[in-house]
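Numbers restart at 1 for each chain; the letters A, B, ... are given by sequence-line order, proteins then strands. All figures in this text were calculated on a predicted structure; none of them were measured in a lab.
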Protein chains: 2
Amino acid sequence: MHGEMVPGTSLTLRGIGQEFGTSMTPAREAARRLVAEGALTMSVSGRISTPELANDRIEELASLRGLLETELAVRALPRAHLALIERLTTINSTVAEAIRRGDAVAYIRTNLEFHRTLYLRAQAPAMLALVETVWLQLGPTMRKLYGRMRQGRPPDSHRLILAALRNREEAALRVAVRTDVTKGLRLLMT
Amino acid sequence: MHGEMVPGTSLTLRGIGQEFGTSMTPAREAARRLVAEGALTMSVSGRISTPELANDRIEELASLRGLLETELAVRALPRAHLALIERLTTINSTVAEAIRRGDAVAYIRTNLEFHRTLYLRAQAPAMLALVETVWLQLGPTMRKLYGRMRQGRPPDSHRLILAALRNREEAALRVAVRTDVTKGLRLLMT
DNA sequence: CATGCGGGATTGTGATCACAACGGTGGTGC
DNA sequence: GCACCACCGTTGTGATCACAATCCCGCATG
């Protein structure tokens with residue numbers, strides 16, 4: 001799943017099938033679906049590999065995250081009651097834990113869970129599906145990102161998001177989500 | 001393609017394969033991909049059909065079009081030189097022609113071509129791909145839309161878009177694209 | 001006439017196979 | 001020593017088949 005593979009890894013249908021104990025038919029379908037979503041790359045000859053994202057593509061995907069996730073957060077805002085905020089706070093502490101441990105995969109996973117939990121409240125499944133597509137495309141690259149932010153200290157943008165939710169401040173929420181989503185990815189574009 | 005089928009039509013893999021002169025394997029893969037993109041619906045038993053969109057889903061997709069297409073248009077604006085605007089004007093006249101003839105499929109097709117031609121200039125392939133996904137989801141429903149706007153007169157929002165492009169007015173372009181994209185779909189939600 | 005039910009036809013799924021295309025590696029010629 | 005080429009192994013594709021789940025139609029029963 002998210003962030004477990006290094007960009008540029010090449011996959012084979014028979015390999016995937018064997019890995020999951022099935023024939024190559026389901027592997028083929030899964031692979032083609034992921035290719036359609038942009039999570040995998042297919043060469044003209046059909047060879048499959050995890051994509052290496054160019055900088056302008058990363059910028060594009062970061063913009064998409066900014067656009068879509070602010071909208072989702074704003075839609076979730078009026079429905080975000082206390083129980084949700086507490087759950088988000090809990091998830092956020094596990095995010096901090098993963099960062100402290102230096103566990104890249106756990107960090108990516110829990111960080112996305114934080115966002116997904118919030119966005120689920122937006123009751124906008126199509127929008128959420130598009131965001132997950134973007135996440136999938138960024139997956140292999142997020143891995144690289146983590147190597148550069150090993151300061152061991154969690155970013156405080158999640159705290160800002162939680163504060164904005166608590167205070168019902170739409171404008172602050174927009175800013176907090178946009179910076180949280182954008183900041184990490186920008187520094188990946190050297 | 002876009003808007004050729006009525007919502008609720010059910011498809012069979014063998015039927016699709018036969019229609020395109022292939023076996024059911026390619027049909028299956030295409031169907032699964034379209035299901036993943038939301039352009040087709042799959043029942044729990046795997047039966048495939050074109051989706052009937054509920055109103056809140058339509059509202060969501062309209063919002064997505066507004067978000068993504070304004071961004072694409074704004075990104076295309078600085079690169080939109082005269083030749084592009086002229087090409088768009090030509091396409092727009094074929095849109096008007098389709099409306100005059102009452103040809104629903106041609107209208108949907110040329111209308112989307114108008115938008116795609118503009119957005120291609122944005123040099124943002126991932127964003128454009130997401131928009132095409134949204135269009136695909138709206139495909140069967142756009143068909144219904146046309147039945148209600150048979151006044152035979154083309155909407156003038158395309159003219160507003162062209163004017164904003166010519167005058168290099170970003171704000172006006174945002175408004176024009178958003179209303180063009182949103183207006184038609186809102187009236188579908190009775 | 002409505003309603004429930006049984007069985008046959010239809011449908012999607014996963015497996016396997018033949019095949020064509022591609023890539024990598026070893027050898028050869030310069 | 002280096003570049004090029006041919007060949008073999010590997011890979012994806014499309015077809016076909018067996019099978020299980022499911023739907024649909026007709027019939028019988030109340």
Side-chain angles (χ1 to χ4, degrees), chain A residues 1-54 57 125-126 129 132-133 135-141 143-144, chain B residues 1-54 57 125-126 128-130 132-133 135-141 143-144:
Chain A
M1 258 315 270
H2 290 293
E4 293 182 358
M5 311 193 91
V6 162
T9 312
S10 65
L11 289 314
T12 68
L13 295 185
R14 288 171 175 86
I16 298 170
Q18 192 169 345
E19 181 179 351
F20 291 101
T22 72
S23 124
M24 50 188 287
T25 308
R28 189 178 1 178
E29 285 169 3
R32 287 184 85 106
R33 171 177 167 179
L34 290 172
V35 167
E37 284 177 350
L40 290 178
T41 295
M42 202 171 75
S43 76
V44 287
S45 69
R47 304 303 232 275
I48 289 166
S49 59
T50 53
E52 313 223 32
L53 269 48
R57 184 62 64 97
E132 303 232 20
T133 292
W135 289 348
L136 227 46
Q137 294 186 52
L138 284 170
T141 310
R143 177 97 195 217
K144 268 209 273 188
Chain B
M1 255 317 267
H2 291 292
E4 294 182 358
M5 311 192 89
V6 162
T9 312
S10 65
L11 289 314
T12 68
L13 295 186
R14 288 173 175 83
I16 298 171
Q18 192 169 345
E19 181 178 351
F20 290 99
T22 72
S23 127
M24 51 189 286
T25 309
R28 190 181 354 182
E29 285 169 4
R32 288 183 85 105
R33 172 177 165 180
L34 291 173
V35 167
E37 286 176 348
L40 290 178
T41 295
M42 204 172 75
S43 77
V44 287
S45 70
R47 299 313 227 276
I48 289 166
S49 59
T50 53
E52 313 223 30
L53 269 48
R57 185 60 65 95
L128 181 56
L130 287 197
E132 303 232 20
T133 292
W135 289 348
L136 227 45
Q137 294 186 51
L138 285 170
T141 310
R143 175 100 194 211
K144 267 209 271 188

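In this structure, CH2 on B/Trp135 lies 12.0 Å from CG on B/Leu130, to the nearest 0.5 angstrom. The structure places CD of A/Glu29 at 11.5 Å from CE of A/Met24, a figure rounded to the nearest 0.5 Å. If you take OG1 on B/Thr9 and CG on B/Leu11, they are separated by 7.0 Å, rounding to the nearest 0.5 Å.
Note on residues 45-54 of chain B: pairs passing side chain to side chain donor-acceptor pair (under 3.5 Å), not counting sequence neighbours, are B/Ser43-B/Ser45. Applying the salt bridge (charged side-chain N to carboxylate O under 4.0 Å, His left out) rule to pairs touching residues 36-46 of chain B yields B/Arg33-B/Glu37, sequence neighbours excluded.
Between the side chain of A/Thr22 and the backbone N or O of A/Gln18, no donor-acceptor pair lies under 3.5 Å.
Minimum heavy-atom separation, A/Gln137 to B/Ala126: OE1-CB, 4.3 Å.
Considering only residues two or more places apart in sequence or on other chains, B/Arg57 meets the side chain to side chain donor-acceptor pair (under 3.5 Å) condition with none of them.
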Inset, instruction - Heavy atoms under 4.0 Å is the rule here; annotate nucleotides 4-21 of chain D 5' to 3' with B where the base is hit, S where only the sugar-phosphate is, and - elsewhere. - result: -------BBBBBB-----
Inset, instruction - Could you check A/Arg32 against A/Leu40 for side chain to side chain contact (heavy atoms under 4.5 Å, CB included), going step by step and ending with a plain yes or no? - result: CA-CA 8 Å; A/Arg32 287 184 85 106; A/Leu40 290 178; over 6 Å; no
Inset, instruction - Determine, step by step, whether A/Ile48 and A/Thr41 satisfy the side chain to side chain contact (heavy atoms under 4.5 Å, CB included) criterion, reporting the C-alpha distance in whole Å, the side-chain angles of both residues, the deciding distance to 0.1 Å, and the verdict. - result: CA-CA 6 Å; A/Ile48 289 166; A/Thr41 295; over 6 Å; no
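Counting only Watson-Crick or G-U wobble pairs whose defining distances are both under 3.5 Å, the stems of 3 or more consecutive pairs in DNA chain D are C:1-30 with D:1-30.
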Strictly under 3.5 Å: I want the nitrogen or oxygen pairs between protein and nucleotides 4-6 of chain C, one per line.
none

